[in-house]
Structure formats: structure tokens, C-alpha cells
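Both backbone and side-chain heavy atoms feed into the values below; hydrogens, waters and symmetry mates do not.
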Amino acid sequence: MKILVCIKQVPDMESKFKIDAAGIWYDTSDLAWRMNEYDEYGVEQAVQLKEQTGGDLTVLCIGSDRVKETMKKALAMGCDRGAHIDDAAYFSKDPFEIAGIIAEYAKDKSFDAIFTGMQSQDRGSAQVGVLVAEMLNIPSITTVVEFSCEGTAFKVKRELEGGVKALVSVSAPALFTCQLGLNTPRYPTLPNIMKAKKKELLTIAVQDLLKVDAKMETTSMQLPEKKGGGLILEGDIGELADKLIAILKEKTGVLAR
């Protein structure tokens with residue numbers, strides 16, 4: 001079985017973000033970088049499928065040379081090789097372009113299963129996975145929280161609203177977007193980290209794969225506006241009711257006649 005897992009390098013979400021000089025993305029200086037959390041679950045599921053089927057697993061990542069460090073983690077987790085799509089301006093591309101790059105890479109490689117995270121933690125569009133599947137004309141199953149495979153048939157549970165789950169069956173080839181909690185991503189061991197350094201990590205120029213045009217453009221980005229703090233009322237129920245009525249009369253026109 002041939003398997004592809006797509007990952008993204010994102011800043012640590014505890015970082016202090018600043019808007020860049022162009023005003024359309026965040027300033028990437030002085031940030032700590034890591035694998036997108038949703039993608040970690042995708043890598044783990046892809047590795048488990050590889051181990052179950054004796055398959056071949058490629059990890060793909062788009063970005064500058066910096067992303068190779070994140071790719072090495074995926075290789076240490078069990079991926080066989082890496083496909084680095086070299087693009088220092090990846091952040092300026094919309095989900096349609098990103099999906100087009102991935103689909104162009106995958107179109108002639110006969111992957112049986114493709115895994116992506118449900119969404120990225122920085123952009124959060126949740127569009128790339130389903131767009132890739134549409135471009136490749138294969139089914140996509142989103143928000144996967146359970147996964148099993150028998151031969152070339154997959155059975156998965158996907159998360160719906162309100163905690164409801166749907167059981168879905170699909171035959172290869174198919175694409176899956178992975179939700180948090182799908183599995184427990186493994187921690188790369190030191191021997192596997194050393195082995196990862198010797199695995200193939202092929203770099204491909206983004207110009208060789210980008211064959212589609214953007215569908216949307218980011219025109220500006222702003223930090224959330226600061227708002228005043230809330231007011232906490234204390235006391236018994238009767239006192240709280242009186243205080244609340246007094247505040248509503250004073251601060252708003254809700255109780256005005």
C-alpha cells in the first residue's frame with residue numbers, strides 16, 4: 001500500500017504574535033516552530049497503516065528549508081522518505097494553490113491513502129484536504145476520530161456536531177483529514193532520530209508543481225481589539241438580582257420605559 005501524509009510547520013501557539021510589515025501575515029521572526037498538531041495525528045495514523053500493511057510512506061511538506069527539521073520528526077516517527085516542496089512564500093498562497101501543489105505531486109504516484117490534518121493551527125481554513133481529494137477525483141473523509149483497515153477497505157468514524165459520530169466505509173484510494181484524539185502520536189526514539197538523518201529527503205521547486213491560480217487573496221490582518229473586562233457580582237440571589245437590575249438601568253437602555 002502506498003501512503004502519503006501531508007504536514008505543515010507552524011509556530012508554537014504559545015508564541016507572541018505580531019503582524020508583519022506587509023500587514024497580511026504574522027511576523028515569522030523570533031518564533032519557535034513545530035509540526036501542526038492535527039498533522040501529528042495524521043502522521044501517526046499513516047505510520048500505523050504502513051506497519052499494518054507493510055506499505056510505503058511518504059511525508060510531504062511545503063515551505064522554506066526551515067521545514068526540513070519538522071519533516072525529520074515525521075521521518076523519525078516512521079515515514080520512509082520526505083518530499084520537500086521548496087517555497088519560501090508558502091504563506092502567501094491560498095488553500096486552493098496549496099491543494100493544487102499537493103495534487104500535482106500525487107497525481108501520478110497511485111497513493112492508496114492520503115492523510116492530512118483537519119486544519120492548520122495558523123490559517124485554520126480546513127479546506128486543503130478536501131480540495132486535494134477533489135482535484136484527484138477520490139473520496140475524502142473529514143474529521144476522522146477512529147480508523148481501521150482491512151485489505152484496501154477502510155472503516156472510519158468521523159466527528160459530527162454535538163459529539164455525534166458517523167461510521168463511514170470507503171475503498172482505496174481515499175483521503176482522510178485527521179481530528180485531535182484520533183490516536184496517540186508516538187515520541188521519536190533516539191535510534192529512530194538517527195535513522196531519519198539517512199532517509200531520503202527530496203526537494204522539489206514549487207514552480208514545478210504549481211499549476212493553478214489562487215481563488216482568494218488576503219488583503220489585511222489585524223490582532224483582535226481589546227475589550228473591557230467583565231464585572232463579577234457576588235452575594236445571595238436577591239442581592240444579585242437587585243445589583244443586576246441597577247446596572248442594566250444605569251449602563252444600558254434595556255429596562256428603560
What pair of heavy atoms forms the shortest contact from [X] to [Y], and how long is it?
{"X": "G235", "Y": "E239", "answer": "CA-OE1, 3.6 Å"}
{"X": "G117", "Y": "T177", "answer": "O-CB, 3.8 Å"}
{"X": "L131", "Y": "A99", "answer": "CB-CB, 3.5 Å"}
{"X": "D86", "Y": "S64", "answer": "OD1-CA, 4.1 Å"}
{"X": "L136", "Y": "K107", "answer": "CD2-CA, 3.8 Å"}
{"X": "V67", "Y": "C61", "answer": "CB-SG, 3.7 Å"}

(request) Kindly assign one of parallel, tilted or perpendicular to the pair Y26 and W33, based on the angle between their ring planes and the thresholds 30° and 60°. (result) tilted
(request) Give the ring-plane orientation class for F147 versus F176, where under 30° counts as parallel, over 60° as perpendicular and anything between as tilted. (result)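 Judged by the thresholds at 30° and 60°, the geometry between F147 and F176 is perpendicular.
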Counting N and O atoms only, with roles assigned by atom type, does the side chain of [X] sit under 3.5 Å from a partner on the main chain of [Y], one being a donor and the other an acceptor?
{"X": "K211", "Y": "E104", "answer": "no"}
{"X": "D80", "Y": "L57", "answer": "yes"}
{"X": "Q9", "Y": "R66", "answer": "yes"}
{"X": "N192", "Y": "G78", "answer": "no"}
{"X": "S220", "Y": "I24", "answer": "no"}
{"X": "N36", "Y": "V10", "answer": "no"}
{"X": "Q45", "Y": "N183", "answer": "no"}
{"X": "H84", "Y": "G63", "answer": "yes"}
{"X": "K199", "Y": "L75", "answer": "yes"}
{"X": "S148", "Y": "K155", "answer": "yes"}

Inspect the surroundings of [atom1] in [X] and state if more than 12 heavy atoms from other residues, nucleotides or ligands are less than 6.0 Å away.
{"X": "K157", "atom1": "NZ", "answer": "no"}
{"X": "Q52", "atom1": "CD", "answer": "yes"}
{"X": "K16", "atom1": "NZ", "answer": "no"}
{"X": "M194", "atom1": "CE", "answer": "no"}
{"X": "I237", "atom1": "CD1", "answer": "no"}
{"X": "D236", "atom1": "CG", "answer": "yes"}
{"X": "E200", "atom1": "CD", "answer": "yes"}

How long is the gap from [atom1] on [X] to [atom2] on [Y], to the nearest 0.5 Å?
{"X": "L4", "Y": "F111", "atom1": "CG", "atom2": "CZ", "value": "4.5 Å"}
{"X": "L160", "Y": "T142", "atom1": "CG", "atom2": "OG1", "value": "8.0 Å"}
{"X": "Q179", "Y": "Y41", "atom1": "CD", "atom2": "OH", "value": "9.0 Å"}
{"X": "D208", "Y": "I85", "atom1": "CG", "atom2": "CD1", "value": "9.0 Å"}
{"X": "K2", "Y": "D112", "atom1": "NZ", "atom2": "CG", "value": "8.5 Å"}
{"X": "L190", "Y": "K195", "atom1": "CG", "atom2": "NZ", "value": "11.0 Å"}

With clusters defined by side-chain heavy atoms of hydrophobic residues (ILVMFWY) lying less than 4.5 Å apart, directly or transitively, does [Y] cluster with [X]?
{"X": "V43", "Y": "I193", "answer": "no"}
{"X": "I138", "Y": "V130", "answer": "no"}
{"X": "L49", "Y": "V168", "answer": "yes"}
{"X": "M35", "Y": "I62", "answer": "no"}
{"X": "Y90", "Y": "L202", "answer": "yes"}

Do [X] and [Y] have side chains that get closer than 4.5 Å, going by heavy atoms?
{"X": "K93", "Y": "D87", "result": "yes"}
{"X": "K8", "Y": "D122", "result": "yes"}
{"X": "T58", "Y": "Y105", "result": "yes"}
{"X": "M118", "Y": "E159", "result": "no"}
{"X": "W25", "Y": "T218", "result": "no"}
{"X": "C178", "Y": "E44", "result": "no"}

(request) Using side chain to side chain contact (heavy atoms under 4.5 Å, CB included) as the criterion, point out the one residue from V132, L60, L209, I204 that pairs with I101. (result)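 Single side chain to side chain contact (heavy atoms under 4.5 Å, CB included) partner of I101 among V132, L60, L209, I204: L209.
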(request) Show the numbers, then the answer: is there a side-chain contact (heavy atoms from CB on, under 4.5 Å) between R34 and K73? (result) CA-CA 9 Å; R34 55 162 293 169; K73 178 179 180 181; 5.6 Å; no
(request) Please test F115 against I3 for side-chain contact (heavy atoms from CB on, under 4.5 Å), starting from the C-alpha separation and ending with a verdict. (result) CA-CA 8 Å; F115 294 91; I3 309 163; 3.8 Å; yes
(message) Working note: I19 + Q222, criterion side-chain contact (heavy atoms from CB on, under 4.5 Å); need CA distance, chi angles, decisive distance, verdict.
(response) CA-CA 7 Å; I19 306 301; Q222 302 88 27; 5.9 Å; no
(request) Give the C-alpha distance, both sets of side-chain angles, the deciding distance and a yes or no for side-chain contact (heavy atoms from CB on, under 4.5 Å) between T70 and D39. (result) CA-CA 11 Å; T70 297; D39 299 345; over 6 Å; no
(message) I'd like to know if the side chain of S15 pairs up with that of D12 as donor and acceptor (distance under 3.5 Å, no hydrogens or angles considered).
(response)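 Per modelled atom types, S15 and D12 side chains form no pair under 3.5 Å.
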